[in-house]
Amino acid sequence: MELKLTLNGRTVTDHIEPGLLLIDFLRSHGCFSVKRGCETSNCGLCTVLMDGRPVLSCSMLAARAAGHSIMTLEGLQEEAADFAGFIADQGADQCGFCNPGFVMNTIALLREIPDPTDDEIRAFLAGNLCRCSGYDGQLRGIRRYLDSKKADASPEKGGSHGA
Amino acid sequence: MMNIQNYVQAESLEEAYQLNQKRSGRIIGGMLWMKMARNTVGTAIDLCRLGLDTIEETEDEFSIGAMAALRQLEQHPGLNAWTKGAAARAVQDIVGVQFRNMATVGGSVWGRFGFSDVLTFLLSLDTYVELYRGGLLPLEEFASLKKDNDILVRIHIRKKPGAFVYQAMRNQRTDFPVLTCALSRMEDGYRTVIGARPGRALVLRDETNLLAGGITEESAEAFASWAAERIPVGSNLRGSAAYRTQLVRVLVKRGLLELGGKETWN
Ligand SMILES: Cc1cc2nc3c(=O)[nH]c(=O)nc-3n(C[C@H](O)[C@H](O)[C@H](O)COP(=O)(O)OP(=O)(O)OC[C@H]3O[C@@H](n4cnc5c(N)ncnc54)[C@H](O)[C@@H]3O)c2cc1C
Ligand code: FES
Ligand code: FES
């Protein structure tokens, strides 16, 4: 069957099998940041944004994405670069396997709740499993990022937003 | 892994219904549960173009389309104001945000899963299921029916004034619940719903009038002990029957005290 969708801002048309999963479609179009972890909808590694909402590409038919916009980490490098360094600085990435899913869902979190509490961060990222880190590093990294944004914006610092 | 041979986005409920009458037809909701099984689906019937992904609020009811996601239940301001946050509490520990953006209310109710937070919660309200052919049925009746080839179109929650609370016990956040417990007090009395027993959720009413004098520490304790004796529980890898019986007592008591405005636990 024919599938037409927007992938990272560009229109993509392809012929697909009806049972093709979105993750396989995305990887076959060069989006290798999208990875399989559990494939049972549990780990969040395969997270992509569909019309801005985070979803699990391992568990969705590519056919359902017809006419929708899909964003993967490949298309969100700049937005991710803002905070990914802060997470790395906390040593939160050990094997790094969970990182693309975490980054994608953190983008979704910060778009929905620009100034989240620690509990809101934990709740939003609860569906992203990490087998190495114990989650504290990610939390600290996001907190440091938010603190640095606030510091940048504060008048004493002559903030970058000119506030 | 599921093998899907044909995929159709139905243009009408009638088309979806007709396709679903064939043995090889299967309605897909979020597909999260279906995907766990190894089977072949002749035609996957997608309801995503039928405008069933909304929650509408009127003066008398909430009407929830079968394709509305669990995340919508969690975030709907009207539903959460009406249920004092019980809707959000019921679903907020189901896997993760991404999962709840996909899992549908229709698939969750149709599945009538024993472990279901969603079914437990909805049974504590004045809830009806709208089936394409079967019409409107009280959820309590629907929950005990065998699955057939009808289509769940919408869920209707009548706005019967009352108070609602939701409690669940999990070994770990995002895991399946060990026990679920929803309580309500509406004009026709108290409802206590216990799910993840691990069997399907059961509704208990105050048959012995233990709560007739209102909720006090003593009446809550008495009712919770009575519920623990009455609710059949079993064992699975998440918890033993004996543990679940203790949980019934604790969660029902906590729930009642919260319902009576005496304590909050969430
Ligand atoms: C890993 C995992 C963890 C989970 N943890 C929890 C938990 O902790 N608590 C909890 O409450 N739930 C949990 N669930 C269940 C989940 O919340 C959903 O209830 C479940 O996935 C079904 O919803 P779905 O939209 O994915 O339905 P599907 O998987 O798409 O469908 C389920 C069944 O319903 C049928 N169906 C779907 N929609 C309709 C319709 N409109 N009319 C007729 N038939 C229909 C399908 O044919 C299928 O037989 C979990 C599920 C998974 C996979
Ligand atoms: S691979 Fe999709 S949730 Fe784990
Ligand atoms: S760093 Fe290894 S799984 Fe998260």
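Throughout, a chain's letter reflects where its sequence line sits, starting with A, and its residues are numbered from 1.
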With only heavy atoms counted, which part of [X] is less than 4.5 Å from chain A, the side chain, the backbone, both or neither?
X: Gln75(B); result: side chain
X: Asn101(B); result: both
X: Arg49(B); result: neither
X: Ile28(B); result: both

[X] versus chain B, the contacting section by heavy-atom distance below 4.5 Å:
X: Glu17(A); result: neither
X: Thr47(A); result: side chain
X: Met60(A); result: both
X: Asn42(A); result: both

Considering non-hydrogen atoms only, spot the tightest contact between Leu61(A) and Tyr7(B) and give its length.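 Heavy atoms of Leu61(A) and Tyr7(B) come nearest at CD1-CD1, 3.6 Å.
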
Restricting to non-hydrogen atoms, name the atom on Phe124(A) and the atom on Val97(B) that form the minimum distance, rounded to 0.1 Å.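 Phe124(A) and Val97(B) have their closest heavy atoms at O-CG2, 3.7 Å.
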
Among Ile94(B), Val41(B), Leu32(B), which residue forms the greatest number of heavy-atom pairs with chain A at distances under 4.5 Å?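 Max contact count across the listed options: Leu32(B).
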
Could you tell me which of Met36(B), Met34(B), Arg173(B) has the largest number of non-hydrogen atom pairs under 4.5 Å with chain A?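 Greatest number of close heavy-atom pairs with chain A: Arg173(B).
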
Please lay out, stage by stage, how Asn128(A) and Gln98(B) fare under the test side-chain contact (heavy atoms from CB on, under 4.5 Å). CA-CA 9 Å; Asn128(A) 288 84; Gln98(B) 306 97 310; 3.1 Å; yes

Enter the distance from Ser41(A):OG to Trp33(B):CH2 here, rounded to the nearest 0.5 Å.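 Between Ser41(A) OG and Trp33(B) CH2, I get 10.0 Å after rounding to 0.5 Å.
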
Hey, what do you get for CG (Leu21(A)) to CE (Met31(B)), rounding to the nearest 0.5 Å?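 If we round to the nearest 0.5 Å, Leu21(A):CG and Met31(B):CE are 5.5 Å apart.
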
What residue, out of Arg53(A), Arg64(A), Met104(A), has the most heavy-atom pairs lying under 4.5 Å from chain B?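 Maximum pair count with chain B is reached by Arg64(A).
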
I'd like to know which of Ala63(A), Ala108(A), Gly44(A) tops the heavy-atom pair count under 4.5 Å against chain B.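 Heavy-atom pair counts peak at Ala63(A).
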
Tell me whether Gln172(B) at atom CD has more than 12 heavy atoms from other residues, nucleotides or ligands lying less than 6.0 Å away.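 Result for CD/Gln172(B): open.
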
More than 12 heavy atoms of other groups within 6.0 Å of Gln21(B) CD: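 Yes, because the 6.0 Å sphere around CD of Gln21(B) holds more than 12 heavy atoms from other groups.
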
